[in-house]
Peer 1: 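To start, I am sharing the structure in question, which I have written as structure tokens.
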Amino acid sequence: MIYKSFWLFRGQLLSLWVLLLMSASIPSHLLAQAFASCDQYQQGFGNVFPCGSQLCRKKYNSNPSPDNWCSIDSFRSYRGKILDSQQQEFYIRGVNNPHVWFGKEAMDALPSISALGFNSIRVVWSVQMPVDELASVLNRVIDNKMIPILEFHDLTGRSDPAELMWLVDTMINNYGGILKGKEDRLIINIANEWGGNQLSYQLWRDSYKEVIKKLRASQFNHLLIIDATGWAQDPNSILKYGREVYDADPLQNTAFSIHLYEKWRNRAPKKLDIAKSFAELSQTELAVIIGEFAHQHDFHLDGSSTTICYNPIDSAAQERYLAEVFRDGYRPQQADFAIDFLEIMRQAHNFKMGYIGWSWRGNGRSNNCYLDYLDIANQWDVGSGPNFQPNRLNQWGCELVKNLQAQPAGIFAQPTSPWSRNADLSCSSSGNFHSCDRYDGGFGEAFSCGDGRLCRKSTPDTNQTDWAYWCAIDR
């Protein structure tokens with residue numbers, strides 16, 4: 001008996017030692033030790049259910065063998081992290097690209113964006129656009145080894161739950177055929193900035209609970225991202241009710257997004273603190289990304305709803321804005337509009353949050369405001385490799401690229417792929433890249449704008465003064 005007990009005890013020690021060795025060999029960026037295989041779960045045929053950080057489904061109605069189970073490869077929200085379909089932590093580092101408004105031009109930008117090291121594209125889209133066009137966009141993004149994060153822009157700033165349900169119904173009916181089956185290489189950001197400043201947190205919570213259940217019932221098994229309320233700028237909606245929304249998802253595969261604009265400016269009234277807010281969001285153990293951010297935001301300095309904006313380089317627009325908003329003689333400075341985007345990136349690295357800059361190109365005139373300062377690039381194609389031309393990036397875009405640290409999704413690279421770095425990029429001579437649309441000139445007549453770029457009006461119709469009718473003549 002003593003002899004038998006000795007060998008049993010010795011075997012237990014050896015088994016423990018082997019387990020310790022195995023656990024020590026797991027790479028730190030993998031969470032494999034938390035995954036159970038799907039065949040350990042007894043669920044009905046056809047049902048999708050979470051298992052560890054995987055999604056599982058039984059393949060056949062009658063077959064108890066392990067090969068009757070398969071895992072559904074998808075991006076996953078797991079304990080405050082986003083995992084890719086290879087079960088690696090995936091840190092979103094992307095740019096917003098306005099495919100819905102600039103079809104060919106936005107497509108032309110993708111090779112350059114990929115070459116700079118970005119690993120994802122937030123595809124700006126409308127639920128009413130043709131299905132085949134979206135299929136082409138998604139395939140092109142994936143071909144360039146980036147993950148598309150599809151967002152529907154139709155309800156920006158709106159707060160009607162019926163409209164949100166309409167958008168989801170239209171998505172299901174129109175796009176289900178091309179979105180399903182891409183769970184391993186596509187993330188869905190349901191509705192851009194649905195929920196203005198008047199939407200209550202409770203209605204935001206309840207509305208998203210309903211649409212998520214509808215998407216899951218329609219076999220949309222993707223990682224879903226939900227924008228916060230308050231034009232996506234209010235983190236309190238996530239802090240108060242994000243957990244309830246997450247728990248209401250049958251697959252528990254939901255992440256959240258905040259946008260950092262005027263409420264996050266350096267001198268905004270009741271400014272939201274970047275580090276403090278990120279820390280609070282991190283403590284929820286919900287996956288949160290920065291879906292949009294930029295280096296400044298010029299309009300609604302006082303948080304009012306006026307459509308007139310203050311533009312730092314347009315004196316006439318400044319006076320209109322000041323007369324509308326300020327009556328005490330205050331004169332804003334450039335610093336009033338600044339957003340500490342470098343701090344946003346630093347804290348995103350610190351708290352392992354994804355971020356997506358707004359936006360690659362195409363920001364023009366909106367509500368009498370010039371928004372081209374938001375452009376990351378002043379040309380769609382900035383080149384790649386030895387043909388990369390840094391002066392085709394705007395100043396803030398150059399800093400965004402310079403401070404980028406990104407790694408491709410697992411389906412595109414080995415786990416040991418190096419993080420892209422552009423730390424040696426010089427941003428001192430990016431120039432003054434303001435859009436041609438703020439300069440007067442006749443149709444067909446080339447004229448200089450800003451730093452010497454040439455511009456031409458693209459239509460002879462003198463009534464067409466919108467920014468879209470101006471083009472830059474690239475040298």
Side-chain angles (χ1 to χ4, degrees), residues 53 55 74-85 89-97 119-125 127 138 141 146-156 164 167-168 171-172 175 179 182-195 204-205 207-216 220-235 237-239 241-260 278 281-282 284-293 348 351-359 409:
S53 290
L55 300 179
S74 81
F75 280 82
R76 290 288 293 156
S77 172
Y78 181 74
R79 294 185 178 178
K81 302 177 177 65
I82 290 177
L83 308 182
D84 66 22
S85 58
E89 292 183 40
F90 181 64
Y91 305 105
I92 292 171
R93 299 288 184 264
V95 297
N96 287 270
N97 203 23
N119 61 23
S120 49
I121 292 288
R122 187 166 180 259
V123 176
V124 182
W125 200 251
V127 78
L138 298 180
V141 173
M146 295 181 290
I147 297 299
I149 301 170
L150 174 62
E151 66 96 339
F152 293 99
H153 221 73
D154 308 70
L155 303 182
T156 300
L164 181 63
L167 183 144
V168 171
M171 182 201 315
I172 291 170
Y175 291 111
L179 300 183
K182 288 186 171 67
E183 292 89 349
D184 67 334
R185 58 198 63 205
L186 170 67
I187 298 170
I188 297 177
N189 186 179
I190 298 175
N192 179 71
E193 297 181 358
W194 181 79
W204 172 85
R205 172 199 63 194
S207 300
Y208 271 116
K209 281 185 179 182
E210 291 303 313
V211 300
I212 290 172
K213 289 177 181 177
K214 175 166 281 196
L215 285 166
R216 297 309 189 202
F220 279 72
N221 300 323
H222 310 72
L223 169 63
L224 301 175
I225 294 180
I226 294 173
D227 285 359
T229 191
W231 298 78
Q233 293 193 61
D234 188 349
S237 52
I238 301 171
L239 294 171
Y241 294 116
R243 175 59 60 179
E244 287 190 39
V245 175
Y246 178 87
D247 289 341
D249 179 358
L251 298 180
Q252 294 194 328
N253 196 21
T254 297
F256 300 87
S257 175
I258 55 174
H259 296 178
L260 277 61
F278 285 15
L281 289 167
S282 179
T284 65
E285 288 200 339
L286 298 169
V288 181
I289 70 166
I290 298 98
E292 295 183 18
F293 74 109
F351 290 102
K352 298 184 178 181
M353 298 169 66
Y355 61 75
I356 311 172
W358 182 278
S359 68

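These numbers were taken from a predicted model, which means no experiment stands behind them.
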Peer 1: Would you call V168 and E210 a side-chain contact if the rule is heavy atoms closer than 4.5 Å?
Peer 2: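 Not touching, per the 4.5 Å side-chain cut-off.
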
Peer 1: Less than 4.5 Å apart, side chain to side chain, heavy atoms only: is that true for D249 and V245?
Peer 2: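 A side-chain contact under 4.5 Å is absent here.
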
Peer 1: Using side chain to side chain contact (heavy atoms under 4.5 Å, CB included) as the criterion, point out the one residue from L223, I187, L186 that pairs with I147.
Peer 2: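 Of the listed residues L223, I187, L186, the side chain to side chain contact (heavy atoms under 4.5 Å, CB included) partner of I147 is I187.
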
Peer 1: Of the non-hydrogen atoms in A248 and K213, which two are nearest, and what is the gap between them?
Peer 2: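 Nearest heavy atoms, A248 then K213: O-CE, 3.8 Å.
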
Peer 1: Would you confirm whether the ring centroid of Y175 sits within less than 6.0 angstrom of the ring centroid of F152?
Peer 2: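 Yes, they do, as the ring centres are separated by less than 6.0 Å.
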
Peer 1: Answer yes or no: is there a donor N or O on one side and an acceptor on the other, between the side chain of D154 and the main chain of V127, under 3.5 Å?
Peer 2: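 Yes; judged by distance alone, with no hydrogens or angles, the pair exists.
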
Peer 1: Which pair of non-hydrogen atoms, one from P250 and one from R216, has the smallest distance, and what is that distance?
Peer 2: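 It is CD-CG, 3.7 Å.
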
Peer 1: When rounded to the nearest 0.5 angstrom, what is the spacing between CG in L155 and CG in D227?
Peer 2: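 Answer rounded to 0.5 Å: 11.0 Å.
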
Peer 1: Once you measure the plane-to-plane angle for Y208 and W204, does it fall in the parallel (<30°), tilted (30-60°) or perpendicular (>60°) bin?
Peer 2: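 Perpendicular, since the angle between the ring planes exceeds 60°.
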
Peer 1: Is there a side-chain contact between Q252 and Y246 in this structure, where contact means two heavy atoms from C-beta onward sitting under 4.5 Å apart?
Peer 2: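 The answer is yes; the side chains approach within 4.5 Å.
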
Peer 1: Nearest 0.5 angstrom please: S77 OG to F256 CZ, how far?
Peer 2: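 With rounding to 0.5 Å, OG (S77) is 7.5 Å from CZ (F256).
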
Peer 1: Can you confirm whether L215 sits close enough to I172 that some side-chain heavy atom of one is under 4.5 Å from a side-chain heavy atom of the other?
Peer 2: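 With C-beta onward as the side chain, the pair touches.
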
Peer 1: Which distance, rounded to the nearest 0.5 Å, do you find between the CD1 of I225 and the CD1 of I149?
Peer 2: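 I225 atom CD1 to I149 atom CD1 measures 5.0 Å (nearest 0.5 Å).
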
Peer 1: Donor-acceptor pair, distance only, cut-off 3.5 Å: does the side chain of R122 make one with the backbone of E151?
Peer 2: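 Looks like no, no N/O pair under 3.5 Å.
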
Peer 1: N192 side chain to A232 main-chain N or O, any donor-acceptor pair under 3.5 Å?
Peer 2: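 It does not hold such a pair.
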
Peer 1: With rounding to the nearest 0.5 Å, note down the distance linking CZ in R185 to OG in S120.
Peer 2: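 Answer rounded to 0.5 Å: 15.0 Å.
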
Peer 1: Determine whether L179 and L138 make a side-chain contact, defined as any pair of heavy atoms from C-beta on separated by less than 4.5 Å.
Peer 2: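 Yes, close enough: below the 4.5 Å cut-off.
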
Peer 1: Evaluate V141 against N97 for side chain to side chain contact (heavy atoms under 4.5 Å, CB included), listing each step before the verdict.
Peer 2: CA-CA 11 Å; V141 173; N97 203 23; over 6 Å; no

Peer 1: If I take atom OG from residue S257 and atom CD1 from residue I92, how far apart are they, to the nearest 0.5 angstrom?
Peer 2: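 Answer rounded to 0.5 Å: 8.5 Å.
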
Peer 1: Determine the minimum heavy-atom distance between L251 and R76, stating which atoms define it.
Peer 2: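 Minimum heavy-atom contact is O-NH1, 3.1 Å.
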
Peer 1: Would you say the side chain of K352 lies within less than 4.5 Å of the side chain of K81, judging by non-hydrogen atoms?
Peer 2: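 A side-chain contact under 4.5 Å is absent here.
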
Peer 1: Ignoring hydrogens and geometry, is there a side-chain-to-backbone donor-acceptor pair from N189 to L150 under 3.5 Å?
Peer 2: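 The answer is no, because no donor-acceptor pair under 3.5 Å joins these two groups.
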
Peer 1: For a quick test of reading the model, state the closest non-hydrogen atom pair linking P235 to I258 and the distance between them.
Peer 2: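 Closest heavy-atom pair between P235 and I258: CA-CG2, 4.3 Å.
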
Peer 1: Will you find, in the side chains of S74 and N221, an N or O donor that is under 3.5 Å from an N or O acceptor?
Peer 2: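 No, N221 and S74 have no side-chain donor paired with an acceptor closer than 3.5 Å.
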
Peer 1: Step by step, work out the side chain to side chain contact (heavy atoms under 4.5 Å, CB included) result for I82 and E89.
Peer 2: CA-CA 6 Å; I82 290 177; E89 292 183 40; over 6 Å; no

Peer 1: Taking side chain as C-beta onward, heavy atoms only, is R93 less than 4.5 Å from Y355?
Peer 2: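 They are in side-chain contact.
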
Peer 1: List the steps, then state whether side chain to side chain contact (heavy atoms under 4.5 Å, CB included) holds for W358 with V124.
Peer 2: CA-CA 11 Å; W358 182 278; V124 182; 3.9 Å; yes

Peer 1: Could you pull out the closest heavy-atom pair between G242 and L286, with the gap in Å?
Peer 2: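 Smallest interatomic distance, heavy atoms only, reads C-CD1, 3.6 Å.
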
Peer 1: Could you tell me whether the side chain of L260 reaches within less than 4.5 Å of the side chain of Q233, counting heavy atoms only?
Peer 2: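 Q233 vs L260: side chains apart.
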
Peer 1: What are the two closest heavy atoms between F220 and I188, and how far apart are they?
Peer 2: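 Scanning both residues, the minimum pair turns out to be CD2-CD1, 3.9 Å.
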
Peer 1: Any chance the side chains of D234 and T229 put a donor and an acceptor closer than 3.5 Å?
Peer 2: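 Their side chains do not contain a donor-acceptor pair, so the 3.5 Å distance test is not met.
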
